[in-house]
Amino acid sequence: MKLVIAVVQDKDSHRLSSALVKANFRATKLSSTGGFLKAGNTTFLIGVEDSRVDEVLQIIKDNGKARKQLVSPVSPLGGNAESYVPFPVEVQVGGATVFVLPIEQFQQF
Ligand code: 2BA
Ligand code: 2BA
């Protein structure tokens, strides 16, 4: 069994959870925050049989969209004003960041 951890954009999370239920996967959704943008995203924990890992990865891929997002610069407090960029910078936020981990034990009590 594997634990698939997928960080997706909030905009895609509803669609992804519906697709997972439809394909009979079990999942837990957590509200999370991106370390860089400091904006909300959604982390899915999906415990899945080894034989279905590829299938779940495909569903995640099909239900996440890469988007451009603007980052507002933070003024350097007492810092180096020369390195300060006074206009928003565009970053590409991916459709999903996915980790696949081995599960040692899976129990439900
Ligand atoms: P349980 O299987 O006891 O699961 C309780 C909660 O534990 C789930 O909440 C989910 O948050 C988490 N969970 C369970 N298995 C998981 C896994 N393999 N990976 C990640 N998280 C897992 P809910 O999703 O709201 O489900 C509540 C109950 O509804 C479940 O109780 C189960 O009896 C039923 N259920 C869930 N998904 C189902 C599905 N696709 N088809 C039929 N019944 C489902
Ligand atoms: P954030 O940390 O808010 O990052 C949003 C986007 O900003 C990233 O998109 C990336 O394009 C850019 N970015 C992040 N850190 C950067 C840095 N130090 N310098 C320059 N640009 C940077 P994604 O790579 O698609 O990541 C989307 C979200 O997935 C991240 O939100 C974070 O919550 C999660 N994530 C990505 N890589 C991760 C990792 N290695 N470990 C844990 N979480 C990760």
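All ligand and atom numbering here is 1-based and tracks the order in the structure.
Those atoms of ligand 2 with a heavy atom of Gly94 less than 4.0 angstrom away are 9 (O), 23 (P), 25 (O). Short contacts between ligand 2 and Gly34, defined as distances under 4.0 Å to a heavy atom of the residue, involve ligand atoms 1 (P), 2 (O), 3 (O), 31 (O), 33 (O). Within the listing of ligand 2, atoms 29 (O), 33 (O), 34 (C) sit less than 4.0 angstrom from a heavy atom of Val7. Atom numbering of ligand 1 starts at 1 in the shown order; those under 4.0 Å from a heavy atom of Asn24 are 39 (C), 40 (N), 41 (N).
Shown here for Asn41 and Thr33, the closest heavy-atom pair between the two residues is OD1-N, 3.6 Å. Between Ala19 and Asn63, the shortest heavy-atom distance links the atoms CB-ND2, 3.6 Å. Taking each heavy atom of Leu70 and Pro88 in turn, the nearest pair found is CB-CB, 4.2 Å. Contact detail for Gly47 and Met1: the closest heavy-atom pair is C-CE, 3.8 Å.
Under the 4.0 angstrom criterion, atom 5 (C) of ligand 1 counts as lacking any protein heavy-atom contact. The nearest protein heavy atom to atom 41 (N) of ligand 1 is closer than 4.0 Å. For atom 12 (C) of ligand 1, the nearest protein heavy atom lies under 4.0 Å away. Put simply, atom 31 (O) of ligand 1 has no protein non-hydrogen atoms near it, under 4.0 Å away. In this structure, atom 26 (O) of ligand 1 has its sub-4.0 angstrom surroundings free of protein heavy atoms. Contact annotation for atom 1 (P) of ligand 1: protein present (non-hydrogen atoms, distance under 4.0 Å).
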Open item on the list: With salt bridge (Lys or Arg N to Asp or Glu O under 4.0 Å) as the criterion, how do Arg52 and Glu55 come out once you've worked through the C-alpha distance, each side chain's angles and the decisive distance to 0.1 Å?
Closed with: CA-CA 5 Å; Arg52 296 195 75 196; Glu55 195 187 335; 3.0 Å; yes
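When Ala27, Ala23, Ser17 are ranked by how near their heavy atoms come to atom 24 (O) of ligand 1, first place goes to Ala27. Of the candidates Arg26, Lys29, Glu49, the one placing a heavy atom closest to atom 15 (N) of ligand 1 is Arg26. Residue Asn41 holds the heavy atom nearest to atom 28 (C) of ligand 2 of all those in Asn41, Thr33, Ile5, Thr42.
With a 4.5 Å cut-off on side-chain heavy atoms, Leu3 and Leu45 count as touching. Between Val98 and Ile5, the closest side-chain pair of non-hydrogen atoms is not below 4.5 Å. Taking the side chain as every heavy atom from C-beta outward, Ile103 and Lys2 never approach each other to under 4.5 Å. With a 4.5 Å cut-off on side-chain heavy atoms, Val93 and Gln9 count as touching. Leu57 places a side-chain heavy atom less than 4.5 Å from the side chain of Val4.
In this structure, CD on Glu90 lies 5.5 Å from NZ on Lys68, to the nearest 0.5 angstrom.
Ion pairing between a basic and an acidic side chain is recognised when a charged N comes within 4.0 Å of a carboxylate O; Arg67 and Asp12 show such pairing.
The protein non-hydrogen atom at the shortest distance from atom 43 (N) of ligand 2 is Phe99 CZ, 4.2 Å. Of the protein's heavy atoms, Phe36 CD2, 3.2 Å lies nearest to atom 7 (O) of ligand 2. At the shortest separation from atom 20 (C) of ligand 1 among protein heavy atoms lies Leu45 O, 3.2 Å. Protein heavy atom at the shortest distance from atom 14 (C) of ligand 1 is Gln108 NE2, 3.6 Å. In terms of protein heavy-atom proximity, atom 19 (N) of ligand 1 is nearest to Gly47 N, 2.9 Å. In terms of protein heavy atoms, atom 29 (O) of ligand 2 is closest to Thr97 OG1, 3.4 Å. The single protein non-hydrogen atom nearest to atom 22 (C) of ligand 1 is Thr28 OG1, 3.6 Å, given as residue, atom name and distance. At the top of the distance list for atom 8 (C) of ligand 2, counting protein heavy atoms only, stands Gln92 O, 4.0 Å. When only non-hydrogen protein atoms are considered, atom 3 (O) of ligand 2 lies nearest to Leu37 N, 2.8 Å.
Among the atoms of Val48, none of the N or O lies under 3.5 angstrom from an N or O of ligand 1. Considering backbone and side-chain atoms together, Val93 places no N or O closer than 3.5 Å to any N or O of ligand 2.
Asp54 and Gln58 are not linked by any side-chain donor-acceptor pair at a separation below 3.5 angstrom, with hydrogens and angles left out of the test.
In summary, of the residues considered (Leu30, Val8, Thr28), a side-chain contact (heavy atoms from CB on, under 4.5 Å) with Phe44 occurs for Val8 alone.
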